[in-house]
Amino acid sequence: MATQLFKSAIAKPLSKLTQFSENHIIRALQAPKAQLQHQFGLPVPRLLPQGQKNAVAYSQELAGKFESNTYIEKATAVGPFLQFDVRPSEYIRATLNQVVKEKEKYGHHTLPEKKTVIIDYSSPNIAKPFHAGHLRSTILGNFIKRIHDANGYQTIGINYLGDWGKQYGLLAIGFDMFGQEAELEKDPIHHLYEVYVKINALAKDDPEIDKRANAYFKKMEQGDQAALAQWKRFRELSIDSYKHIYKRLNIDFDYFSGESQTEPFIPKVYNMLNQFGLIETTDDGASIVNLEAYKLGKPIIQRADGTSLYMTRDLASIMLRRQLFGDFDKVVYVVGTEQELYLKQLFKISELIQQHDPSWPTDLYHANFGRVLGMSTRKGTVVFLQDILDTAQEHMLENIKNGNQFKMDALDDLDSVADKLGASAVLVQDMVAKRLKNYQFSWDRMTSARGYTGVYLQYTHARLCGIERNAGIPFDMKADLSLLNEKEAFELALTISQLPDITHNACQAMDPCILVQYLFKLAHVTSQANNVLRVKGADTKTAEARLLLFWAAKTTLANGLHLLGIDPLSRM
Ligand code: ARG
């Protein structure tokens with residue numbers, strides 16, 4: 001089969017072949033994508049089939065065998081590489097037709113069978129700061145959910161709040177001493193945090209408070225009505241204000257769950273682990289699962305006083321999720337590196353459970369991420385999501401007012417535009433580099449209109465919308481594309497055609513940087529095309545064709561931005 005042969009020769013040198021993309025070759029050869037993709041990036045010699053020693057001779061042999069097709073006219077051997085001559089107008093036509101057909105679904109895929117993925121992300125702790133780890137979990141988790149949706153998965157987004165445990169006993173005691181109803185109603189997140197800081201300071205010098213907190217939490221675990229009623233209020237008010245803030249980031253969870261919701265399953269966890277013989281009791285009366293054989297320590301499952309821990313609740317949450325959602329194929333925990341060992345323990349315990357209960361899910365995945373360095377807002381280093389978004393918005397307003405970076409249209413909804421630009425800036429800064437890398441938080445860099453920023457991507461989108469607004473001719477889906485003869489038009493169509501591969505790869509890797517980097521490339525190629533392919537002033541037929549090309553670029557960019565959780569702006 002021709003594709004089998006060709007993938008060897010085009011593997012590594014692909015990037016060196018002028019004007020060709022993986023997508024292009026794949027389409028031209030109609031090869032099964034997955035099969036080809038994992039071969040890319042390997043040096044030719046390693047891919048030479050058995051019995052072939054000479055890459056130069058081999059590429060000549062392949063060139064000789066190549067038969068022209070709709071997109072590729074001919075193949076020529078160049079040293080160990082194969083060079084393809086494409087038929088640009090066919091390629092442009094095929095690409096734009098696909099965008100026209102699929103519109104806001106362009107770049108999306110379907111799956112042959114139903115697959116459900118649970119994404120556990122954001123998950124802040126009530127009454128505690130929303131730290132950089134939560135920011136990244138929120139942004140990356142939202143992307144991981146959206147990219148799975150776009151790849152045909154059924155997704156369930158869960159905010160697994162830290163809303164249970166001894167610290168809520170402490171918080172309740174603190175609220176009795178320092179809490180103010182009016183403040184709680186006005187700004188629950190900040191107020192509960194204030195109370196929590198004060199009571200923690202007291203508890204440091206007074207062991208009595210710690211004991212009371214433990215006793216209070218025990219009351220909660222035993223279902224004490226009054227204790228639970230107050231805790232429930234704290235929780236609900238906090239969720240309401242979180243929802244408000246998440247909205248500024250276009251984030252909507254399917255479930256606000258949390259550690260507290262696992263409570264009914266906690267006894268079942270103890271029973272199950274006991275029944276499977278996985279529990280050991282320590283000298284001081286705690287129950288542990290011994291994972292020393294796997295070099296994963298001895299995580300505690302139950303304290304000596306009978307109360308549960310974070311680990312117990314994560315195991316219980318798997319039970320809860322099975323009850324709520326039936327079978328699911330994968331759970332993605334979007335959590336920072338600090339919890340790497342913890343999650344390894346959780347996953348290992350799941351494997352051990354599965355040996356006794358084959359239906360227990362073990363396709364659990366840690367979407368780990370690097371640290372954010374130097375994150376602070378004008379209020380200080382203890383940050384809340386709201387303060388981050390407010391500060392980003394302020395920076396954008398300043399930039400706009402100083403006019404120092406880009407010319408804006410006169411807009412009457414400046415505050416809302418600045419808010420969206422600010423959010424785009426924060427989001428892209430977080431997703432521009434590999435997920436696992438640490439990065440330095442920088443207001444100036446992220447809010448700049450130059451460089452690899454969200455502001456630049458928004459600017460490109462708004463400009464593309466401007467081309468349509470100012471064209472002076474009606475938009476025609478049936479424009480004559482044979483009028484797109486310039487190499488810039490071909491480059492742009494070629495780049496547009498890569499989105500489906502990019503969304504596929506970004507989902508496999510669960511790494512948004514693949515998409516972000518691609519969108520920057522698209523923005524650059526768009527800007528080059530825009531310099532040459534004028535719409536205004538061209539004859540009507542040519543203008544129509546160019547307009548369609550830019551519309552496709554805009555649609556591609558917008559679809560990509562949506563996957564990142566960014567609302568594309570049509571004016572700025
Ligand atoms: N609330 C936790 C924290 O702030 C993160 C929860 C992550 N999800 C989970 N299922 N453990 O550290």
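Order of listing sets the numbers, starting from 1, for every ligand and every atom in it. The basis for the numbers below is simple: all heavy atoms, side chains too, and nothing from hydrogens, waters or symmetry mates.
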TODO: Considering the heavy atoms of Y310, write down every atom of ligand 1 situated less than 4.0 Å from one of them.
DONE: 2 (C), 5 (C), 6 (C), 7 (C), 9 (C), 11 (N)

Open item on the list: Tell me if the centroids of the rings in F253 and Y246 come within less than 6.0 Å of each other.
Closed with: yes

TODO: State the atoms of ligand 1, each with its element, that fall below the 4.0 Å cut-off from a heavy-atom position in H134.
DONE: 3 (C), 4 (O)

Open item on the list: Using a strict threshold of under 4.0 Å (side-chain N to carboxylate O), is an ion pair present between D210 and K166?
Closed with: yes

Open item on the list: Between R212 and E208 (salt bridge meaning N to carboxylate O under 4.0 Å), is one present in this structure?
Closed with: no

Task: Numbered atoms and elements of ligand 1 in range of V335, under 4.0 angstrom, heavy atoms - done: 7 (C)

Open item on the list: Suppose we measure from atom 9 (C) of ligand 1 to each protein heavy atom; which comes out shortest, and what is that distance?
Closed with: Y160 CD2, 3.4 Å

Task: Ring centroid separation Y196 to F234 under 6.0 Å - done: no

Open item on the list: Under a 4.0 angstrom heavy-atom cut-off, which atoms of ligand 1 come close to D120?
Closed with: 7 (C), 8 (N), 9 (C), 10 (N)

Task: Numbering as shown, the atoms of ligand 1 that approach N125 to under 4.0 Å (heavy-atom distance) - done: 1 (N), 2 (C), 3 (C), 4 (O)

Open item on the list: For F256 and Y242, I'd like to know if the aromatic rings sit close, meaning centre-to-centre distance below 6.0 Å.
Closed with: no

Task: Proximity of D314 to ligand 1 by residue part, where a heavy atom lies under 4.0 Å - done: side chain

Task: Within-shell test, H131 vs ligand 1, heavy atom, strictly < 4.0 Å - done: no

Task: N or O pair under 3.5 Å between S123 and ligand 1 - done: yes

Open item on the list: For atom 12 (O) of ligand 1, what's the nearest protein heavy-atom neighbour? Residue, atom name and distance, please.
Closed with: Q339 NE2, 2.7 Å

Task: Minimum side-chain heavy-atom gap Q386-D390 below 4.5 Å - done: yes

Open item on the list: Could you check whether any side-chain N or O of D163 sits under 3.5 Å from a backbone N or O of S260, counting only pairs where one atom can act as donor and the other as acceptor?
Closed with: yes

